[in-house]
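Read the structure below first, then the notes.
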Amino acid sequence: MFSTAARRLTTAGVRSVGARCLSTSAKTASRSMNKNALPFLFAGGLTAFGLTQYNQSQSAQCDTAAGDDSKAVENKFSTYWPRNILILFGPPGAGKGTHGPKIEDLLGIPQLSTGDMLRAAVAAQTEVGKKAQAIMKAGGLVSDDIVVGIIRDRIKEDDCKFGFILDGFPRTLEQTKALDKMLAEEGACVTKVIELQVPDEVLEERICGRWIHKKSGRSYHVKFAPPKSMKTDSNGKPVAESMLDDETGEPLMQRPDDTATALVKRLAGYHGETVPILKHYEPKGVVKTVNANQKMDGVWTEVLASLSRK
Ligand code: ADP
Ligand code: ADP
(Lines give C-alpha, C1' and ligand atoms only; values in the text may rest on other atoms or scores of the structure.)
(Ligands and ions follow the chains in the order given, each with its own letter.)
Protein backbone atom coordinates (compact mmCIF):
# COMPACT_ATOMS: atom_id res chain seq x y z
CA MET A 1 0.00 0.00 0.00
CA PHE A 2 1.27 3.46 -0.84
CA SER A 3 1.92 6.27 1.61
CA THR A 4 0.58 9.71 0.70
CA ALA A 5 3.91 10.70 -0.80
CA ALA A 6 4.26 7.58 -2.89
CA ARG A 7 0.68 7.87 -4.10
CA ARG A 8 1.37 11.39 -5.34
CA LEU A 9 4.54 10.36 -7.11
CA THR A 10 4.33 6.84 -8.39
CA THR A 11 4.23 6.62 -12.16
CA ALA A 12 5.92 4.49 -14.77
CA GLY A 13 8.65 7.06 -15.49
CA VAL A 14 9.63 7.72 -11.89
CA ARG A 15 8.76 4.50 -10.14
CA SER A 16 12.18 4.19 -8.55
CA VAL A 17 11.84 7.58 -6.88
CA GLY A 18 8.27 6.96 -5.74
CA ALA A 19 9.33 3.63 -4.29
CA ARG A 20 11.60 5.41 -1.81
CA CYS A 21 8.48 6.86 -0.23
CA LEU A 22 6.68 3.59 0.44
CA SER A 23 4.74 3.43 3.66
CA THR A 24 6.89 3.03 6.71
CA SER A 25 4.83 1.89 9.68
CA ALA A 26 2.52 -1.09 9.71
CA LYS A 27 -0.06 1.04 11.49
CA THR A 28 -0.14 3.59 8.70
CA ALA A 29 -0.31 0.84 6.10
CA SER A 30 -3.20 -0.85 7.81
CA ARG A 31 -5.06 2.42 8.28
CA SER A 32 -4.64 3.30 4.66
CA MET A 33 -5.60 -0.20 3.54
CA ASN A 34 -8.91 0.03 5.38
CA LYS A 35 -9.51 3.47 3.99
CA ASN A 36 -8.88 2.39 0.42
CA ALA A 37 -10.99 -0.72 0.76
CA LEU A 38 -14.05 1.19 1.92
CA PRO A 39 -15.22 2.77 -1.33
CA PHE A 40 -15.32 -0.68 -2.93
CA LEU A 41 -17.49 -2.03 -0.16
CA PHE A 42 -19.89 0.87 -0.35
CA ALA A 43 -19.97 0.87 -4.17
CA GLY A 44 -22.28 -2.11 -4.22
CA GLY A 45 -24.77 -0.37 -1.93
CA LEU A 46 -23.57 -1.90 1.31
CA THR A 47 -24.34 -5.49 0.44
CA ALA A 48 -24.48 -7.99 3.27
CA PHE A 49 -21.17 -9.38 2.09
CA GLY A 50 -19.61 -5.96 2.05
CA LEU A 51 -20.85 -5.11 5.51
CA THR A 52 -19.52 -8.35 6.93
CA GLN A 53 -16.13 -7.79 5.33
CA TYR A 54 -16.09 -4.20 6.46
CA ASN A 55 -16.97 -5.07 10.03
CA GLN A 56 -14.31 -7.78 10.08
CA SER A 57 -11.59 -5.50 8.80
CA GLN A 58 -12.57 -2.78 11.27
CA SER A 59 -12.86 -5.08 14.23
CA ALA A 60 -9.29 -6.27 13.75
CA GLN A 61 -8.12 -2.75 14.49
CA CYS A 62 -10.70 -1.14 16.78
CA ASP A 63 -13.12 -3.61 18.33
CA THR A 64 -14.67 -1.28 20.84
CA ALA A 65 -15.73 1.48 18.46
CA ALA A 66 -17.01 -0.71 15.63
CA GLY A 67 -20.58 0.63 15.77
CA ASP A 68 -19.63 4.31 15.85
CA ASP A 69 -16.99 3.91 13.17
CA SER A 70 -19.38 2.09 10.90
CA LYS A 71 -21.90 4.91 11.16
CA ALA A 72 -19.22 7.53 10.55
CA VAL A 73 -18.00 5.75 7.46
CA GLU A 74 -21.53 5.25 6.18
CA ASN A 75 -22.14 8.99 6.58
CA LYS A 76 -18.91 9.79 4.86
CA PHE A 77 -19.67 7.77 1.76
CA SER A 78 -23.29 8.84 1.52
CA THR A 79 -21.94 12.39 1.49
CA TYR A 80 -19.05 12.01 -0.94
CA TRP A 81 -19.85 8.97 -3.14
CA PRO A 82 -19.75 8.20 -6.19
CA ARG A 83 -16.28 7.67 -7.62
CA ASN A 84 -14.44 10.94 -7.29
CA ILE A 85 -12.38 12.30 -10.13
CA LEU A 86 -11.41 15.69 -8.81
CA ILE A 87 -9.36 18.47 -10.30
CA LEU A 88 -7.69 20.80 -7.79
CA PHE A 89 -7.48 23.98 -9.79
CA GLY A 90 -5.65 27.22 -9.04
CA PRO A 91 -2.58 29.34 -9.76
CA PRO A 92 0.86 28.53 -8.33
CA GLY A 93 0.68 29.10 -4.59
CA ALA A 94 -3.12 28.82 -4.35
CA GLY A 95 -2.95 25.94 -1.85
CA LYS A 96 -3.31 22.79 -3.99
CA GLY A 97 -0.38 21.10 -2.25
CA THR A 98 -1.66 22.24 1.15
CA HIS A 99 -5.22 20.92 0.84
CA GLY A 100 -4.72 17.98 -1.56
CA PRO A 101 -3.20 15.69 1.10
CA LYS A 102 -6.13 16.44 3.44
CA ILE A 103 -8.61 15.39 0.72
CA GLU A 104 -6.50 12.25 0.23
CA ASP A 105 -6.80 11.44 3.91
CA LEU A 106 -10.52 12.15 3.93
CA LEU A 107 -11.49 10.14 0.87
CA GLY A 108 -8.66 7.61 0.60
CA ILE A 109 -7.92 8.44 -3.03
CA PRO A 110 -4.48 9.52 -4.28
CA GLN A 111 -3.41 13.04 -5.22
CA LEU A 112 -1.61 12.99 -8.55
CA SER A 113 0.64 16.01 -8.87
CA THR A 114 2.24 16.32 -12.30
CA GLY A 115 4.65 18.89 -10.81
CA ASP A 116 5.84 16.36 -8.17
CA MET A 117 6.09 13.61 -10.79
CA LEU A 118 8.12 15.82 -13.11
CA ARG A 119 10.41 16.97 -10.28
CA ALA A 120 11.01 13.33 -9.38
CA ALA A 121 11.82 12.60 -13.03
CA VAL A 122 14.27 15.53 -13.06
CA ALA A 123 15.94 14.30 -9.86
CA ALA A 124 16.23 10.78 -11.33
CA GLN A 125 17.45 12.25 -14.66
CA THR A 126 15.12 10.03 -16.68
CA GLU A 127 14.57 10.89 -20.35
CA VAL A 128 11.40 12.80 -19.39
CA GLY A 129 13.29 14.58 -16.60
CA LYS A 130 16.07 15.72 -18.91
CA LYS A 131 13.54 17.15 -21.37
CA ALA A 132 11.53 18.92 -18.64
CA GLN A 133 14.30 20.38 -16.48
CA ALA A 134 15.09 23.69 -18.21
CA ILE A 135 11.46 24.41 -19.10
CA MET A 136 10.39 23.93 -15.50
CA LYS A 137 13.15 26.11 -14.07
CA ALA A 138 12.08 28.98 -16.33
CA GLY A 139 8.41 28.53 -15.39
CA GLY A 140 7.28 27.30 -18.82
CA LEU A 141 4.93 24.41 -19.60
CA VAL A 142 6.23 20.94 -20.37
CA SER A 143 4.79 19.48 -23.58
CA ASP A 144 1.24 18.10 -23.57
CA ASP A 145 2.48 14.73 -24.87
CA ILE A 146 4.74 14.21 -21.88
CA VAL A 147 2.24 15.09 -19.16
CA VAL A 148 -0.68 13.31 -20.82
CA GLY A 149 1.49 10.18 -21.08
CA ILE A 150 2.43 10.41 -17.40
CA ILE A 151 -1.21 10.73 -16.29
CA ARG A 152 -2.46 8.04 -18.69
CA ASP A 153 -0.05 5.53 -17.10
CA ARG A 154 -0.63 6.66 -13.55
CA ILE A 155 -4.44 6.44 -13.50
CA LYS A 156 -4.29 2.83 -14.61
CA GLU A 157 -2.72 1.91 -11.30
CA ASP A 158 -4.73 0.04 -8.75
CA ASP A 159 -5.03 2.82 -6.17
CA CYS A 160 -6.88 5.04 -8.70
CA LYS A 161 -9.74 2.60 -9.10
CA PHE A 162 -12.07 4.56 -6.79
CA GLY A 163 -11.00 7.98 -7.96
CA PHE A 164 -8.10 10.40 -7.77
CA ILE A 165 -7.26 14.06 -7.26
CA LEU A 166 -5.51 15.83 -10.13
CA ASP A 167 -3.15 18.60 -9.01
CA GLY A 168 -1.52 20.67 -11.74
CA PHE A 169 -3.21 18.73 -14.54
CA PRO A 170 -4.82 19.53 -16.95
CA ARG A 171 -3.14 22.86 -17.65
CA THR A 172 -4.14 23.40 -21.30
CA LEU A 173 -7.29 22.75 -23.32
CA GLU A 174 -5.36 20.11 -25.25
CA GLN A 175 -4.63 18.25 -21.98
CA THR A 176 -8.29 18.68 -20.94
CA LYS A 177 -9.57 17.04 -24.11
CA ALA A 178 -7.07 14.20 -23.74
CA LEU A 179 -8.19 13.69 -20.14
CA ASP A 180 -11.91 13.64 -21.00
CA LYS A 181 -11.21 11.15 -23.79
CA MET A 182 -9.19 8.76 -21.64
CA LEU A 183 -11.87 8.87 -18.92
CA ALA A 184 -14.73 8.40 -21.40
CA GLU A 185 -13.00 5.24 -22.65
CA GLU A 186 -13.65 3.71 -19.26
CA GLY A 187 -17.11 5.25 -18.78
CA ALA A 188 -15.89 7.88 -16.33
CA CYS A 189 -15.74 11.67 -16.27
CA VAL A 190 -14.47 14.52 -14.12
CA THR A 191 -16.86 14.76 -11.16
CA LYS A 192 -15.64 18.00 -9.62
CA VAL A 193 -13.30 20.91 -10.33
CA ILE A 194 -12.40 22.80 -7.16
CA GLU A 195 -11.12 26.21 -8.12
CA LEU A 196 -8.94 27.84 -5.43
CA GLN A 197 -9.32 31.54 -6.15
CA VAL A 198 -6.52 33.90 -5.05
CA PRO A 199 -5.58 37.31 -6.48
CA ASP A 200 -2.19 37.35 -8.24
CA GLU A 201 -0.74 39.97 -5.90
CA VAL A 202 -0.97 37.58 -2.91
CA LEU A 203 0.97 34.84 -4.65
CA GLU A 204 4.50 36.25 -4.76
CA GLU A 205 4.77 36.28 -0.97
CA ARG A 206 3.41 32.72 -0.80
CA ILE A 207 5.70 31.37 -3.52
CA CYS A 208 8.88 33.13 -2.41
CA GLY A 209 8.35 32.03 1.22
CA ARG A 210 7.61 28.38 0.35
CA TRP A 211 9.91 25.57 1.51
CA ILE A 212 9.17 21.97 0.66
CA HIS A 213 10.06 18.50 1.86
CA LYS A 214 11.07 16.97 -1.42
CA LYS A 215 10.28 13.33 -0.69
CA SER A 216 6.72 13.88 0.56
CA GLY A 217 5.78 17.14 -1.18
CA ARG A 218 4.82 18.66 2.21
CA SER A 219 4.97 22.43 1.95
CA TYR A 220 5.86 25.00 4.59
CA HIS A 221 6.01 28.77 4.63
CA VAL A 222 8.42 31.04 6.50
CA LYS A 223 5.54 33.22 7.69
CA PHE A 224 2.27 31.31 7.29
CA ALA A 225 3.29 27.71 8.08
CA PRO A 226 6.84 27.62 9.50
CA PRO A 227 8.41 24.27 10.42
CA LYS A 228 8.75 23.75 14.18
CA SER A 229 12.56 23.85 13.88
CA MET A 230 12.79 27.24 12.12
CA LYS A 231 15.25 29.77 13.54
CA THR A 232 15.75 33.30 12.25
CA ASP A 233 18.91 35.43 12.03
CA SER A 234 19.31 39.00 13.28
CA ASN A 235 17.49 40.30 10.16
CA GLY A 236 14.52 38.02 10.79
CA LYS A 237 15.45 35.78 7.82
CA PRO A 238 15.16 32.00 8.27
CA VAL A 239 18.44 30.13 8.86
CA ALA A 240 18.54 27.55 6.04
CA GLU A 241 20.04 24.78 8.24
CA SER A 242 17.14 25.13 10.68
CA MET A 243 14.49 24.43 8.01
CA LEU A 244 13.61 20.80 8.71
CA ASP A 245 10.56 18.67 7.99
CA ASP A 246 8.34 18.35 11.09
CA GLU A 247 7.73 14.64 10.55
CA THR A 248 11.11 13.29 9.44
CA GLY A 249 13.58 15.99 10.57
CA GLU A 250 15.01 15.97 7.04
CA PRO A 251 16.15 19.23 5.40
CA LEU A 252 13.61 21.31 3.49
CA MET A 253 14.44 22.93 0.15
CA GLN A 254 13.24 25.79 -2.02
CA ARG A 255 12.11 24.98 -5.56
CA PRO A 256 14.33 26.46 -8.30
CA ASP A 257 11.21 27.89 -10.00
CA ASP A 258 9.85 29.54 -6.83
CA THR A 259 11.24 32.94 -7.75
CA ALA A 260 9.47 36.23 -8.46
CA THR A 261 10.78 36.14 -12.07
CA ALA A 262 9.60 32.61 -12.88
CA LEU A 263 6.27 33.34 -11.14
CA VAL A 264 5.49 36.08 -13.69
CA LYS A 265 5.80 33.50 -16.48
CA ARG A 266 3.89 30.84 -14.55
CA LEU A 267 1.01 33.25 -13.91
CA ALA A 268 0.92 34.30 -17.56
CA GLY A 269 0.67 30.62 -18.50
CA TYR A 270 -2.05 30.09 -15.88
CA HIS A 271 -4.25 32.95 -17.08
CA GLY A 272 -3.61 32.37 -20.79
CA GLU A 273 -3.75 28.58 -21.06
CA THR A 274 -5.20 27.13 -17.87
CA VAL A 275 -8.11 29.39 -16.86
CA PRO A 276 -10.02 28.64 -20.12
CA ILE A 277 -10.37 25.07 -18.82
CA LEU A 278 -12.98 26.36 -16.35
CA LYS A 279 -15.21 27.45 -19.25
CA HIS A 280 -14.94 23.91 -20.62
CA TYR A 281 -16.22 22.34 -17.38
CA GLU A 282 -18.73 25.01 -16.28
CA PRO A 283 -21.59 23.80 -18.54
CA LYS A 284 -21.25 20.35 -16.95
CA GLY A 285 -22.08 21.88 -13.54
CA VAL A 286 -18.99 20.48 -11.81
CA VAL A 287 -17.02 23.65 -11.04
CA LYS A 288 -16.96 24.85 -7.40
CA THR A 289 -15.16 28.02 -6.42
CA VAL A 290 -13.39 28.41 -3.08
CA ASN A 291 -12.07 31.66 -1.64
CA ALA A 292 -8.44 30.64 -1.04
CA ASN A 293 -7.43 34.16 0.00
CA GLN A 294 -8.10 33.57 3.68
CA LYS A 295 -6.51 31.58 6.52
CA MET A 296 -5.82 27.91 5.72
CA ASP A 297 -8.52 26.65 8.10
CA GLY A 298 -11.16 28.81 6.41
CA VAL A 299 -10.05 27.54 2.99
CA TRP A 300 -10.33 23.94 4.20
CA THR A 301 -13.87 24.52 5.49
CA GLU A 302 -14.90 25.77 2.05
CA VAL A 303 -13.09 22.90 0.31
CA LEU A 304 -15.00 20.42 2.46
CA ALA A 305 -18.30 22.09 1.60
CA SER A 306 -17.44 21.99 -2.10
CA LEU A 307 -16.71 18.25 -1.89
CA SER A 308 -20.05 17.37 -0.40
CA ARG A 309 -22.75 16.20 -2.79
CA LYS A 310 -25.53 17.10 -0.35
P1 ADP B 1 0.24 25.18 -4.74
O2 ADP B 1 0.42 23.69 -4.53
O3 ADP B 1 -1.14 25.52 -5.19
O4 ADP B 1 1.30 25.76 -5.62
P5 ADP B 1 0.88 25.37 -1.86
O6 ADP B 1 -0.19 24.58 -1.21
O7 ADP B 1 2.24 24.75 -1.94
O8 ADP B 1 0.41 25.88 -3.31
O9 ADP B 1 0.97 26.77 -1.10
C10 ADP B 1 1.97 27.74 -1.48
C11 ADP B 1 2.59 28.35 -0.23
O12 ADP B 1 1.61 29.17 0.42
C13 ADP B 1 3.05 27.34 0.80
O14 ADP B 1 4.22 27.82 1.40
C15 ADP B 1 1.90 27.27 1.80
O16 ADP B 1 2.37 26.98 3.11
C17 ADP B 1 1.32 28.70 1.72
N18 ADP B 1 -0.13 28.74 1.85
C19 ADP B 1 -1.06 27.85 1.37
N20 ADP B 1 -2.31 28.26 1.67
C21 ADP B 1 -2.18 29.42 2.36
C22 ADP B 1 -3.12 30.36 2.96
N23 ADP B 1 -4.45 30.15 2.89
N24 ADP B 1 -2.62 31.45 3.57
C25 ADP B 1 -1.28 31.68 3.63
N26 ADP B 1 -0.35 30.86 3.10
C27 ADP B 1 -0.79 29.74 2.47
P1 ADP C 1 2.67 25.20 -9.38
O2 ADP C 1 1.24 24.77 -9.33
O3 ADP C 1 3.21 25.66 -8.09
O4 ADP C 1 2.96 26.11 -10.53
P5 ADP C 1 3.57 22.52 -10.13
O6 ADP C 1 4.33 21.80 -9.08
O7 ADP C 1 2.19 22.08 -10.43
O8 ADP C 1 3.65 24.04 -9.74
O9 ADP C 1 4.37 22.49 -11.51
C10 ADP C 1 5.72 22.87 -11.59
C11 ADP C 1 6.13 22.94 -13.04
O12 ADP C 1 6.00 21.64 -13.65
C13 ADP C 1 5.27 23.84 -13.91
O14 ADP C 1 5.69 25.21 -13.84
C15 ADP C 1 5.51 23.23 -15.30
O16 ADP C 1 6.78 23.59 -15.81
C17 ADP C 1 5.55 21.75 -15.00
N18 ADP C 1 4.20 21.15 -15.10
C19 ADP C 1 3.50 20.57 -14.08
N20 ADP C 1 2.31 20.12 -14.51
C21 ADP C 1 2.26 20.40 -15.85
C22 ADP C 1 1.27 20.20 -16.86
N23 ADP C 1 0.08 19.62 -16.60
N24 ADP C 1 1.56 20.64 -18.12
C25 ADP C 1 2.73 21.23 -18.42
N26 ADP C 1 3.69 21.46 -17.51
C27 ADP C 1 3.47 21.05 -16.22
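Each ligand, and each atom within it, is numbered from 1 in the order the structure gives. Side chains are part of it too, since the values below use all heavy atoms of this structure and drop only hydrogens, waters and symmetry mates.
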Which of parallel (below 30°), tilted (30 to 60°) and perpendicular (above 60°) describes Tyr270 and Phe89? tilted
State, yes or no, whether a side-chain contact exists between [X] and [Y] at a heavy-atom distance under 4.5 Å.
X: Leu179; Y: Val190; value: yes
X: Lys288; Y: Val193; value: no
X: Trp300; Y: Thr98; value: no
X: Leu86; Y: Leu307; value: yes
X: Trp211; Y: His221; value: no
X: Asn291; Y: Gln197; value: no

For ligand 1 and [X], I'd like to know whether there is a polar contact (N/O to N/O, distance under 3.5 Å).
X: Phe224; result: no
X: Gln294; result: yes
X: His99; result: no
X: Val299; result: no

Nearest non-hydrogen atom to [atom] belongs to which of [options]?
atom: atom 22 (C) of ligand 1; options: His221, Lys295, Arg206; result: Arg206
atom: atom 10 (C) of ligand 1; options: Gly298, Ser219, Gly93, Gly115; result: Gly93
atom: atom 13 (C) of ligand 2; options: Arg266, Arg171, Arg119, Glu273; result: Arg171
atom: atom 19 (C) of ligand 1; options: Ile207, Thr98, Leu196; result: Thr98

State, without any angle test, whether Thr172 and Glu273 hold a side-chain donor-acceptor pair at a distance under 3.5 Å. no
Nearest-0.5 Å distance, CG of residue Asp245 to OG of residue Ser229: 8.5 Å
Output for pair (Lys215 NZ, Asp116 CG), nearest 0.5 Å, gives 14.0 Å
[X]-ligand 2 polar pair, N/O distance under 3.5 Å:
X: Val142; result: yes
X: Asp116; result: no
X: Met136; result: no

Considering only the protein, which heavy-atom contact is closest to [atom], and what is its distance?
atom: atom 8 (O) of ligand 2; answer: Arg255 NH2, 3.1 Å
atom: atom 2 (O) of ligand 1; answer: Gly97 N, 2.8 Å
atom: atom 18 (N) of ligand 1; answer: Met296 CE, 3.6 Å
atom: atom 23 (N) of ligand 2; answer: Gly168 O, 2.8 Å

Would a distance-only check, ignoring hydrogens and angles, find a side-chain to backbone donor-acceptor pair under 3.5 Å from Tyr220 to Asp246? yes
Whether Glu204 side chain and Glu201 backbone form a donor-acceptor pair below 3.5 Å: no
Is the contact between Gln133 and ligand 2 made by the side chain, the backbone, both, or neither, using heavy atoms and a 4.0 Å cut-off? neither
Quick one: which ligand 2 atoms are inside 4.0 Å of a heavy atom on [X]?
X: Gln175; answer: 22 (C), 23 (N), 24 (N), 25 (C)
X: Pro92; answer: 1 (P), 2 (O), 3 (O), 4 (O)
X: Gly140; answer: 14 (O), 15 (C), 16 (O)
X: Arg210; answer: 3 (O)
X: Leu118; answer: 12 (O), 17 (C), 18 (N), 19 (C), 27 (C)
X: Lys96; answer: 2 (O)
X: Thr114; answer: 19 (C), 20 (N), 21 (C), 23 (N)

Could you state whether Leu196 and Ile207 fall into the same hydrophobic cluster, counting links through intermediate Ile, Leu, Val, Met, Phe, Trp or Tyr residues with side-chain heavy atoms under 4.5 angstrom apart? no
I need the atoms of ligand 1 closer than 4.0 Å to a non-hydrogen atom of Tyr220, numbered in the order shown. 13 (C), 14 (O), 16 (O)
Derivation of the salt bridge (Lys or Arg N to Asp or Glu O under 4.0 Å) call for Glu185 and Lys181: CA-CA 6 Å; Glu185 280 161 12; Lys181 188 159 175 280; 3.7 Å; yes
